[in-house]
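Structure first, commentary second.
The basis for the numbers below is simple: all heavy atoms, side chains too, and nothing from hydrogens, waters or symmetry mates.
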Amino acid sequence: MYKRIISGILGGALLLGIIFWGGLAYTLAIGILIWFGIKEYAVLLKRQGMRPQSQVMLFFSLVLLGLIYIFASRPQWFPGNPLRHSERILTITLLVTLITIFANELLRGTPDQGLVNVAVNLFGTVYIGFMFAYMLLLRFIPGSNGLFYLLFTVLVTWCNDTSAFFIGTKFGKHKLLPRISPKKSIEGSVAGLIGGILAAVVLGKVNRKPLLLMVFLGVIVVLAGQFGDLIESIIKRNAGVKDSGAFLPGHGGVLDRFDSLLMAAPVVYYLATYVMN
């Protein structure tokens, strides 16, 4: 437990520092997380007898990240809205990734589980590479809003995870979805929701944001985060493992630590850019 707390504090402080720094350093940090996340995912696929295309997933995920950085950090080079350019690149990258993964399966000449392998590799690219890319897109929202919405997403998610873990561990008696994640409880889920809303209220107060809007956004972040947590639980359940890796002592792998953020980041991005702007 102490190892989990200490590593969580140190890792959280490092991530927050890099978020404030932004720019190339933050982009590289996201790239490192993508690298480790895809490596973990590839191991989980191999445990299930599937064929991971790690190089393809890594290549297109990192290319997408690099293009987003170029568009967002050099707006003078590209007329129009750099975020919209990034969204178009995301769509194009998704299509090219699908074609490449399918072509690789065809060239292997072994059709057994071909369609399944295409599906799991495409899912891995989107789930890890593309979802992490939204954490970069959030940071590059113009003005101070980008930093605020990214910090909001990260801190509310952390408060949700922390509240759910400690309350669920101590008081959890009613299982949430036992066949997917035996340790998650309804009590922990409710505690996570309350913790996330409290964090949203505090952040809104400090940054002088409308209270009801922050509560609404806090609820959305918590629900998206808990959904992301369950998705990763399904992935681990299918692979028969407790943790996706050992990236952070006491916390498991990258996917274990960032599963909630992977779902929350794109939801907040689209709300922030299309609804609340």
Side-chain angles (χ1 to χ4, degrees), residues 30-68 86-137 177-182 184 223-245 247 252-267 269-270:
I30 295 296
I32 292 171
L33 293 175
I34 288 174
W35 180 282
F36 280 102
I38 287 178
K39 291 294 184 182
E40 291 174 4
Y41 181 71
V43 171
L44 297 180
L45 291 185
K46 287 180 180 178
R47 287 180 62 91
Q48 301 170 71
M50 298 177 187
R51 298 189 291 261
Q53 296 187 24
S54 305
Q55 293 161 332
V56 173
M57 290 189 284
L58 276 171
F59 175 78
F60 286 108
S61 297
L62 296 178
V63 164
L64 174 63
L65 198 71
L67 290 173
I68 290 175
S86 296
E87 291 171 13
R88 295 186 189 101
I89 288 296
L90 192 150
T91 304
I92 295 170
T93 305
L94 176 62
L95 177 60
V96 177
T97 303
L98 173 60
I99 294 172
T100 305
I101 290 173
F102 230 123
N104 277 347
E105 284 299 320
L106 291 173
L107 291 173
R108 277 174 170 168
T110 50
D112 56 299
Q113 287 192 317
L115 189 58
V116 173
N117 286 312
V118 169
V120 295
N121 281 286
L122 182 64
F123 172 80
T125 309
V126 173
Y127 175 64
I128 302 169
F130 286 37
M131 295 305 195
F132 265 122
Y134 278 102
M135 290 185 66
L136 186 62
L137 283 170
L177 291 170
R179 296 185 64 184
I180 295 175
S181 185
K184 289 183 176 59
L223 294 179
Q226 293 190 7
F227 181 65
D229 197 5
L230 291 171
I231 288 176
E232 205 241 346
S233 293
I234 292 176
I235 296 172
K236 292 188 296 184
R237 196 67 148 164
N238 288 340
V241 298
K242 178 180 180 292
D243 295 323
S244 64
F247 179 76
V254 166
L255 299 182
D256 295 310
R257 184 64 275 175
F258 290 90
D259 52 1
S260 299
L261 278 171
L262 290 179
M263 283 293 129
V267 173
Y269 171 78
Y270 284 114

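Open room surrounds CZ on Phe102; 12 or fewer heavy atoms of other groups in view lie less than 6.0 Å from it. A 6.0 Å sphere centred on CD of Gln55 holds no more than 12 heavy atoms belonging to other residues, nucleotides or ligands.
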For this session: Using the side-chain contact (heavy atoms from CB on, under 4.5 Å) rule, take Tyr269 and Glu87 through it: C-alpha gap first, then chi angles, then the decisive distance, then the call.
Result: CA-CA 11 Å; Tyr269 171 78; Glu87 291 171 13; 2.6 Å; yes

Exercise. Can Val118 and Phe123 be said to form a side-chain contact (heavy atoms from CB on, under 4.5 Å), step by step?
Worked result: CA-CA 8 Å; Val118 169; Phe123 172 80; over 6 Å; no

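With hydrogens and angles disregarded, a donor-acceptor distance shorter than 3.5 Å links the side chain of Asp256 to the backbone of Gly253. Side chain of Gln48 to main chain of Leu44: a donor-acceptor pair is present (N/O by atom type, distance under 3.5 Å, no hydrogens or angles). With Glu40 contributing its side chain and Val254 its backbone, the two residues share a donor-acceptor pair below 3.5 Å.
Pairing each heavy atom of Ala133 with each of Ile68, the nearest pair is CB-CD1, 3.8 Å. Closest approach of Leu90 and Leu64 over heavy atoms only: CA-CD1, 3.7 Å. Closest approach of Pro52 and Leu45 over heavy atoms only: CB-CD1, 3.8 Å. Nearest heavy atoms, Leu137 versus Ser86: CD2-CB, 3.6 Å. Across all non-hydrogen atoms, the minimal contact from Ala42 to Ser54 is CB-OG, 3.2 Å. Between Ala264 and Ala224 the shortest heavy-atom distance is CA-CB, 3.9 Å.
Remark: Thr125 OG1 to Leu58 CG distance equals 9.0 Å, nearest 0.5 Å. With rounding to the nearest 0.5 angstrom, the CG atom of Asp259 is 4.5 Å from the CG atom of Asp229. Taken from NZ in Lys236 to CZ in Arg47, the straight-line distance is 12.5 Å, to the nearest 0.5 Å. Rounded to the nearest 0.5 Å, atoms OG (Ser233) and CG (Asn238) are 11.0 Å apart. The line from CD1 of Ile128 to CD1 of Ile34 is 9.0 Å long, rounded to the nearest 0.5 Å. Interatomic distance, CE of Met263 versus CE of Met131, reported as 3.5 Å (0.5 Å rounding).
Just one of Ile30, Leu33, Leu65 meets the side chain to side chain contact (heavy atoms under 4.5 Å, CB included) condition when paired with Met135; it is Ile30. Checking Thr100, Asn117, Val56, Thr97 one by one against Leu122, the side chain to side chain contact (heavy atoms under 4.5 Å, CB included) holds for a single residue, Thr97.
Side chains of Tyr270 and Tyr134: a donor on one and an acceptor on the other come within 3.5 Å. If you check the side chains of Asn121 and Gln53, you find no donor sitting under 3.5 Å from an acceptor.
Side-chain contact between Ser260 and Gln226 is absent, with no heavy-atom pair separated by less than 4.5 Å. Using a 4.5 Å heavy-atom threshold, the side chains of Phe227 and Val267 count as separate. At least one side-chain heavy atom of Val126 sits less than 4.5 Å from a side-chain heavy atom of Leu94.
Here the two rings, on Tyr41 and Tyr127, have centers that are 6.0 Å apart or farther.
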